[in-house]
Structures are given as structure tokens and as C-alpha cells.
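The sequence lines fix the lettering, A, B, ..., with proteins before strands; numbering per chain opens at 1. Here the structure is a predicted model, which is why all the values come from computation and not from measurement.
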Protein chains: 2
Amino acid sequence: MVKIRNMEEFAALSGISRPTVSKYFNNPDSVRATTRARIEEALGKYEYRPNIYAINQNRKLTKNIGIVVPFLADPFFAEIARTLEQNVIAAGYRPNLFGSHGNSDVELEVLDSLRSLKPAGVLLAPLGRSSDKLEIEKFCRDVPTVLFDSNLGGIGEAFIGSDNFSFVSQTVEYLVRTGEPPIFFEMRTPANPNANKRRLAYIQMMERLGFEPHVHKIEGEGWSFEEIGRAGALKLLSDGLPASNAILCSNDRLAIGVLSACYEMGIRVGRTEDCQLRVASNDDHPFARFTCPSLTTAAHDYASVADRSVATLLEVIESGGKLASRSETLFPARLVLRDSA
Amino acid sequence: MVKIRNMEEFAALSGISRPTVSKYFNNPDSVRATTRARIEEALGKYEYRPNIYAINQNRKLTKNIGIVVPFLADPFFAEIARTLEQNVIAAGYRPNLFGSHGNSDVELEVLDSLRSLKPAGVLLAPLGRSSDKLEIEKFCRDVPTVLFDSNLGGIGEAFIGSDNFSFVSQTVEYLVRTGEPPIFFEMRTPANPNANKRRLAYIQMMERLGFEPHVHKIEGEGWSFEEIGRAGALKLLSDGLPASNAILCSNDRLAIGVLSACYEMGIRVGRTEDCQLRVASNDDHPFARFTCPSLTTAAHDYASVADRSVATLLEVIESGGKLASRSETLFPARLVLRDSA
DNA sequence: ACAAATTTTTTACGCGCGAAAACTTTTTTC
DNA sequence: GAAAAAAGTTTTCGCGCGTAAAAAATTTGT
């Protein structure tokens with residue numbers, strides 16, 4: 001297979017003028033069928049792909065789409081990033097994946113390096129509380145950005161996420177219906193704004209059902225949620241069992257830590273007679289079904305969030321980078337009953 | 001802050017000629033200290049960054065380094081990718097992260113799209129058994145590539161990984177020393193060549209210690225190792241306890257599934273008197289300390305593998321893309337004793 | 001078959017930068 | 001302080017492609 005250096009050479013070999021070939025690569029449907037066929041025949045015969053750097057230098061907006069998640073080593077984000085990637089590719093764009101490593105400085109660095117990639121748009125799951133909102137807002141003014149997972153009020157062209165009230169109301173309702181009203185287990189200073197919404201939803205649901213809410217806040221900083229949850233649970237449970245035999249964790253990673261602590265302390269968790277504690281949670285982390293016992297939790301609608309995020313960003317891009325108004329889309333949770341509650 | 005369009009304009013504003021400014025951006029140390037100071041002063045006053053596409057068009061090799069792992073949603077790979085990313089940035093390169101989604105076609109697509117990024121080099125953890133070795137070899141002929149985690153005989157400029165014999169010999173030795181000789185638990189058709197090396201190491205160690213090796217192969221395809229391990233363990237344990245009360249899993253993800261199955265069946269796992277089974281494994285997966293019970297396992301030297309991989313790739317790049325000979329570096333494992341064995 | 005509409009070709013320019021050559025200025029060396 | 005070395009400047013070219021305008025060729029409609 002002969003290698004071709006540039007479009008000029010390829011055009012000559014395919015018997016088509018270079019500007020027409022250029023048109024073809026920008027949109028194959030923009031040339032006549034017979035011309036398209038001749039180009040594609042040559043494409044099969046010779047190995048040629050337009051130089052991506054030369055292309056992007058002359059286009060105002062590239063075909064890149066940035067994907068930024070707060071922490072790539074968190075399987076939850078890895079999974080959603082994976083789905084987003086595939087949707088982006090399917091839409092004919094090139095995904096650029098970045099993780100913020102749980103650090104707001106890194107988050108800004110990522111956006112900065114993203115800026116120089118001149119992406120057509122960016123899908124951003126911000127760190128949340130610790131994010132530098134001013135700088136992110138500045139970024140969003142220059143680059144069409146759709147936020148997902150974690151909302152930063154007013155920033156970005158749209159927000160796609162999960163409905164925290166739907167999560168918590170379902171888990172609370174289920175726990176109450178099948179046993180004691182739960183206490184709510186969370187970090188004192190949660191990194192993510194969803195945590196606050198979940199706490200409020202818990203309180204609201206408990207009051208609506210006529211029970212006194214009981215929020216247990218544990219110490220800990222950073223993104224090692226399992227370890228933080230484990231330490232918090234060891235502390236909580238070492239003073240005897242809590243006020244209720246049901247614990248609702250703010251998220252699955254905390255719950256994984258809690259289950260680990262319970263196991264270590266010999267506390268049986270589950271919904272059967274012989275169990276002392278029930279533990280439920282929110283997110284449906286990829287590992288939730290392999291915890292011991294398997295974790296009852298409210299599942300994100302991964303696919304819908306990913307689909308809608310990409311679809312919305314494409315809308316934004318096609319309408320020139322701005323939307324008439326900032327929309328916020330929330331998808332409901334699906335309760336997944338397993339053995340822990 | 002005034003925005004500058006190009007280097008010409010920035011050079012004029014900083015009072016330095018464009019070629020010198022260009023030199024500065026390629027290597028700040030290549031210009032005189034006083035000149036550097038003037039440029040950097042202007043850099044603080046005006047907002048300018050060279051256009052990355054124009055740069056890359058004119059350089060034979062870009063400052064991009066591709067990082068490809070078989071599965072990004074696997075925390076093990078996410079963690080190592082994260083570490084690699086940071087090393088690459090520290091070396092002044094720009095990381096491009098990709099996951100193969102456990103699919104060999106995707107793996108080739110990723111390499112293909114990587115090729116058009118004209119990266120200075122690539123760090124590739126191949127899928128393994130299912131990889132299209134011929135195509136990967138072809139890629140390696142064009143792009144300086146260092147393999148890590150999983151070796152593909154003779155392909156790439158070097159291989160950096162973990163010493164599977166070190167892993168298994170330590171876990172086997174420990175299990176034998178503290179109880180019954182273990183059986184080896186693995187997939188019938190492992191996706192990864194490391195699995196084969198581990199099996200052989202197990203057999204060799206058992207024979208050396210004077211015990212009969214006992215390999216238990218379970219069915220299952222794909223990358224859902226936890227689920228496969230769980231199903232395999234349920235099957236194995238439903239026929240009563242196995243030949244030995246010690247199970248050594250090929251990797252942690254299988255072990256997570258095994259522990260989940262044990263819990264479900266009410267089989268107590270651990271090294272204490274009251275336990276029926278001991279389970280150990282290899283990898284030290286990020287979640288291994290949160291399983292129930294926490295998992296005794298042999299830990300990868302993440303940091304060393306990442307450091308050496310990047311260092312080796314930089315050597316390759318600096319020596320013009322080829323190394324005198326293909327080196328294979330293996331790092332030993334560190335036994336991590338927890339509660340499962 | 002002929003005019004109109006569509007598509008392609010020709011020609012030419014520009015994007016922002018790397019790089020090389022020849023020349024000028026500044027710094028180093030003894 | 002003069003010669004040598006180092007660093008900076010000027011000038012010029014080219015990378016591979018997008019894009020625009022005018023001319024030429026092809027297809028379409030009637």
C-alpha cells in the first residue's frame with residue numbers, strides 16, 4: 001500500500017481536484033455520488049488520511065470534544081466517561097478524556113490545556129464544592145460546555161444529571177416501608193453538591209413520612225470515600241448500634257466502607273431476621289453487587305445521562321455555541337434491591 | 001488582559017524577534033536569561049499561548065504521548081493510567097488517554113486514531129490474547145511504543161511489567177507456610193498473558209515445595225471478572241468444599257467475585273480458627289482492602305512500573321525512536337497480608 | 001436540444017508556526 | 001580590549017489544508 005503525503009498527492013491519484021477532495025473529507029455527502037465513489041475507491045487503494053493538525057489550524061472549531069471527570073480511578077466516573085466517549089465517536093467527533101484527580105488546580109489545568117485544543121465543546125463533570133467557579137465560568141464563556149453529574153448553578157449551557165430527590169425518596173421510602181426509618185450517613189464536608197441535595201431530600205422525606213430525620217456526619221477529606229466511610233462507621237458502631245437499625249449512605253463508595261467496617265466488627269448486615277443492621281445507599285456503583293452483602297441502592301440512569309449530555313452538547317454546537325436558555329435535565333433513579341437492606 | 005493572536009504579535013509586544021520567541025517556547029533554556037526574563041514578563045502581561053496545531057504541523061514529532069489501557073473502568077488500569085499521566089506531564093509532554101473497552105477492534109481503532117496524532121511515543125497496555133498482534137506490531141514500527149502490564153513477545157521497544165513469578169511464589173509460599181497448599185483459581189481462557197505466567201508459576205512453586213498442583217478453571221468470557229469469579233465460585237463451592245481449604249485466585253477481580261460468592265453461601269473466609277476457607281490473590285486492586293474480609297494479595301509496584309515505563313519511553317524518544325535492544329523489566333510484588341488468608 | 005442549475009476545476013491566498021541561512025549584536029575568554 | 005564564541009535578528013521558505021472567486025464542465029429540466 002503506497003503512502004500518500006498530502007491531499008494534493010491523493011487528489012492527483014484519485015483524479016479529483018484537491019478542493020473537491022477537501023470538501024469530501026469535510027462532508028462526504030457534499031459531493032456528487034460518482035465523485036464520492038471515485039474518492040472512496042482511491043481511499044481503498046492508497047493509504048491516506050488528512051493531517052489533523054493542518055485541518056484544525058484552519059477550522060474555527062475542531063471536531064474535538066473534551067470529556068472531563070473529577071476522578072478517573074472512580075469506577076463510577078470511568079463508566080460514564082466510557083459511555084460518553086462512545087456517543088461522542090458515534091456523533092463523528094473525537095473525544096479527549098481527562099480526569100481532575102480530585103484536585104481543583106488540576107481541574108483548571110485540564111480546562112486550560114483543553115482550551116488550546118480549541119474543542120467544539122466540552123462535557124464537564126466538575127469537582128463540585130472545591131471547584132474554582134469563577135475560572136470555570138470564564139472557561140464556559142469561551143468554550144461551549146455542558147455540565148453533567150454535578151451542577152454548578154448557572155454555569156455552562158446546560159446541566160444533565162440525576163434527580164437526587166428521586167434517589168433518596170425511593171431508598172427512604174423503601175427502608176421505612178420494610179423496617180425502621182433510616183439515619184443518613186454522610187461526610188461532614190462533602191466534595192460534591194449532590195450530597196447536599198441528598199441530605200435535604202432525606203430530611204424532607206423523613207418529615208413528610210412523620211419521622212424525625214437523623215443525619216450522621218463523619219469526618220474526612222478527599223476522594224478516598226471507602227476509607228472515610230469505613231473509619232466513620234467503625235467510630236459510629238463502636239459506641240453500640242445507632243439510633244436506628246437502618247443506615248442510608250449518601251453514596252455507594254461510603255457504603256462500601258461501611259459494609260467493610262460492619263464485617264470487621266462482626267455486625268451482620270441485611271434484611272433477614274438474623275441481621276442487626278440494614279445498609280442502603282445511592283449510585284449503583286459498578287461494585288455494589290459484589291459487596292458483602294450485595295448493596296441495595298438507587299441506580300443512576302447512566303445511559304440516559306450520557307445520551308442526553310452528548311445530544312445537548314451537539315445542539316449547543318450546532319446552534320453556534322449558545323443556547324436560548326440554560327436547561328437542567330434530571331433523570332430519576334431506579335431502586336435496586338439487593339441483600340444489604 | 002489583552003489577547004494575542006499569534007507569535008508575531010506577541011514577539012512585537014515583548015520586544016523580541018519571533019524566531020527567538022519560538023526558540024523560547026521550544027526550550028526556555030535555549031535563550032539567554034535576560035531574554036527569557038523579558039519574554040516571561042510579557043507572558044505575564046499578555047495572554048498568549050502558541051497554537052498547538054500550527055506547532056504540531058511543523059514538528060516531525062509532537063509532544064503528545066498516547067496512553068492506552070485495555071479497560072478504563074477497571075480501577076487497576078485507571079489507577080496506573082493516572083500515574084502515567086502525571087509522569088508524562090512532569091516530563092513536559094501531553095498525555096492522550098484511551099481505553100480499549102476490552103475489545104480488540106477498538107484497540108486497533110485507538111491506535112489508528114493515535115497514529116494521526118503523530119505522538120512522540122505511546123505507552124500501551126495491550127488487551128493480550130485477543131489483541132491483533134500483527135497490526136500492533138505494524139503500529140510499533142511507525143510509532144515508538146513501550147508496552148506495559150501485559151507483554152506481547154517481541155513487540156514494542158521495551159516491556160515494563162510485574163514479575164508474575166514473584167507474585168505467585170510469595171502468595172503460594174505464604175499460604176503453604178501458614179496452612180494447606182492452595183488450589184489455583186482462574187479463567188479457562190484468560191484474556192491476559194499474565195494469567196498464563198501465574199498459572200505456570202503456581203505449578204512450579206507447588207512442585208518445588210513438594211505438593212501436587214491443582215488448577216481450577218472456570219468458564220466465562222470478557223472483562224466482567226468479578227461476575228465470572230462469583231459464578232465460578234458458586235459452582236465450585238456448591239459441590240462441597242474444594243480439595244484444599246485455600247484458594248489462590250489468579251487476580252483480585254476474580255477474588256472479589258469469589259468472596260462475594262462465599263459470603264452469599266455463608267462460608268466464612270479468613271485465617272482464623274472459625275473460618276472454612278482462605279482466599280488469597282494477586283494485584284492489590286484498589287478495592288482489595290474493602291472486601292469482606294479484606295483481601296490478602298500480592299501488590300503491584302504501581303509507582304515503579306509507571307516511572308520506569310515513562311522513563312523508558314523518553315529514552316526511546318530521545319534516541320530517535322529505536323533502542324539497541326528490546327528490554328524487559330519486571331518489578332517484584334509485595335505481599336500484603338490482610339484478613340482473607 | 002438548449003438553457004438553467006449544479007458540481008467541479010483552476011487559481012490564489014492565508015493560517016501560525018518551525019527552520020535554515022546570513023548577518024548583527026552581545027557576551028565571554030584570556 | 002581584542003578576538004572568539006554565543007545569542008539574537010532579519011529574511012525567507014514551506015508545512016498541509018481551508019476557503020473564496022471565477023471559469024469550466026457536467027447534470028437536470030422541459
Side-chain angles (χ1 to χ4, degrees), chain A residues 2-43 46-64 92 94 113 115-118 120, chain B residues 2-43 46-64 92-94 115-120 317:
Chain A
V2 191
K3 295 229 179 173
I4 279 84
R5 308 152 174 251
N6 56 36
M7 197 179 277
E8 196 77 54
E9 206 172 314
F10 175 77
L13 284 168
S14 62
I16 307 284
S17 73
R18 188 180 68 75
T20 304
V21 171
S22 171
K23 260 190 92 182
Y24 167 84
F25 279 110
N26 279 317
N27 178 9
D29 291 330
S30 69
V31 303
R32 202 185 293 149
T34 56
T35 316
R36 188 162 54 241
R38 287 172 66 191
I39 293 178
E40 278 162 2
E41 191 199 326
L43 223 40
Y46 309 104
E47 195 173 319
Y48 169 70
R49 297 181 55 172
N51 180 308
I52 195 173
Y53 297 110
I55 292 175
N56 286 337
Q57 182 174 24
N58 292 318
R59 257 212 269 267
K60 39 222 118 189
L61 75 153
T62 69
K63 282 283 190 179
N64 294 327
R94 169 192 291 271
S113 92
R115 199 196 291 268
S116 65
L117 282 177
K118 300 186 196 303
Chain B
V2 193
K3 296 228 179 173
I4 278 84
R5 312 152 173 242
N6 56 36
M7 199 180 276
E8 196 77 54
E9 205 173 313
F10 175 77
L13 284 166
S14 62
I16 308 281
S17 73
R18 187 179 69 75
T20 304
V21 171
S22 171
K23 259 189 91 183
Y24 167 83
F25 278 111
N26 279 318
N27 179 9
D29 291 330
S30 69
V31 302
R32 203 184 295 150
T34 56
T35 316
R36 189 163 53 241
R38 287 171 67 189
I39 293 178
E40 277 163 3
E41 190 200 327
L43 222 40
Y46 311 104
E47 196 173 319
Y48 168 70
R49 297 181 54 173
N51 180 309
I52 193 173
Y53 297 109
I55 292 176
N56 286 337
Q57 182 174 20
N58 292 318
R59 258 212 269 266
K60 38 222 115 189
L61 75 153
T62 69
K63 282 283 190 178
N64 293 328
Y93 286 80
R94 170 192 291 271
R115 200 196 291 268
S116 65
L117 281 178
K118 301 187 195 301
I317 293 171

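- A sub-4.0 Å separation between OP1 or OP2 of D:dG18 and a side-chain N or O of A:Asn26 is present.
- Across the protein-nucleic acid pair, A:Tyr53 atom OH and C:dC17 atom P stand 16 Å apart, rounded to whole Å.
- In this structure, CD1 of A:Ile55 is placed 17 Å from P of D:dC15, rounded to the nearest angstrom.
- Atom CD in A:Glu9 sits roughly 10 Å away from atom P in D:dC17 (whole-Å rounding).
- Closest to the B:Lys23 side chain, of the nucleotides C:dT9, D:dG8, C:dC17, is D:dG8.
- Candidate nucleotides C:dT9, C:dG18, D:dG8 were compared by shortest atom distance to the side chain of B:Met7, and C:dG18 ranks first.
- Taking atom CD of residue B:Glu8 and atom P of nucleotide D:dC13, one finds them 15 Å apart after rounding to whole Å.
- Taking for each of B:Ala54 and B:Thr35 the nucleotide of DNA chain D with the nearest heavy atom, the 5'-most of the two is the partner of B:Thr35.
- Put simply, CZ on A:Phe25 is 17 Å from C1' on D:dT19, counting in whole angstrom units.
- Side-chain to base pairing of A:Arg18 with D:dG18: one donor and one acceptor N or O lie within less than 3.5 Å of each other.
- In this structure, A:Tyr24 has its ring center at least 6.0 angstrom away from the ring center of A:Phe10.
- Nucleotide D:dA7 holds its P atom 11 Å from the CG atom of B:Asn27, rounded to whole Å.
- Each of D:dC17, C:dC17, C:dT26 was ranked by its minimum atom distance to the side chain of B:Arg32; first place goes to C:dT26.
- Counting only heavy atoms from C-beta outward, the side chains of A:Asp29 and A:Arg36 approach each other to under 4.5 Å.
- Among C:dT8, C:dC17, D:dG18, the nucleotide with an atom closest to any side-chain atom of A:Ser22 is D:dG18.
- Comparing atom distances between the B:Pro19 side chain and each of D:dG8, D:dT11, C:dC17 picks out D:dT11 as nearest.
- Residues B:Ile55 and B:Lys63 form no side-chain contact, since every pair of their non-hydrogen atoms from C-beta on lies 4.5 Å or further apart.
- With rounding to whole Å, A:Ile39 atom CD1 is found 13 Å from C:dT9 atom C1'.
- For A:Asn58 and D:dA20, the CG to C1' distance is 13 Å, given to the nearest whole Å.
- Between A:Ser14 and A:Arg38, the closest side-chain pair of non-hydrogen atoms is not below 4.5 Å.
- At the phosphate of C:dT8, neither OP1 nor OP2 sits under 4.0 Å from any side-chain N or O atom of A:Thr20.
- In the set C:dT9, D:dC17, C:dC15, the nucleotide with an atom closest to the side chain of A:Gln57 is C:dC15.
- With 3.5 Å as the limit, one finds no donor-acceptor pair spanning the side chains of A:Arg18 and A:Asn6.
- For A:Tyr48, a side-chain nitrogen or oxygen approaches OP1 or OP2 of D:dC17 to under 4.0 Å.
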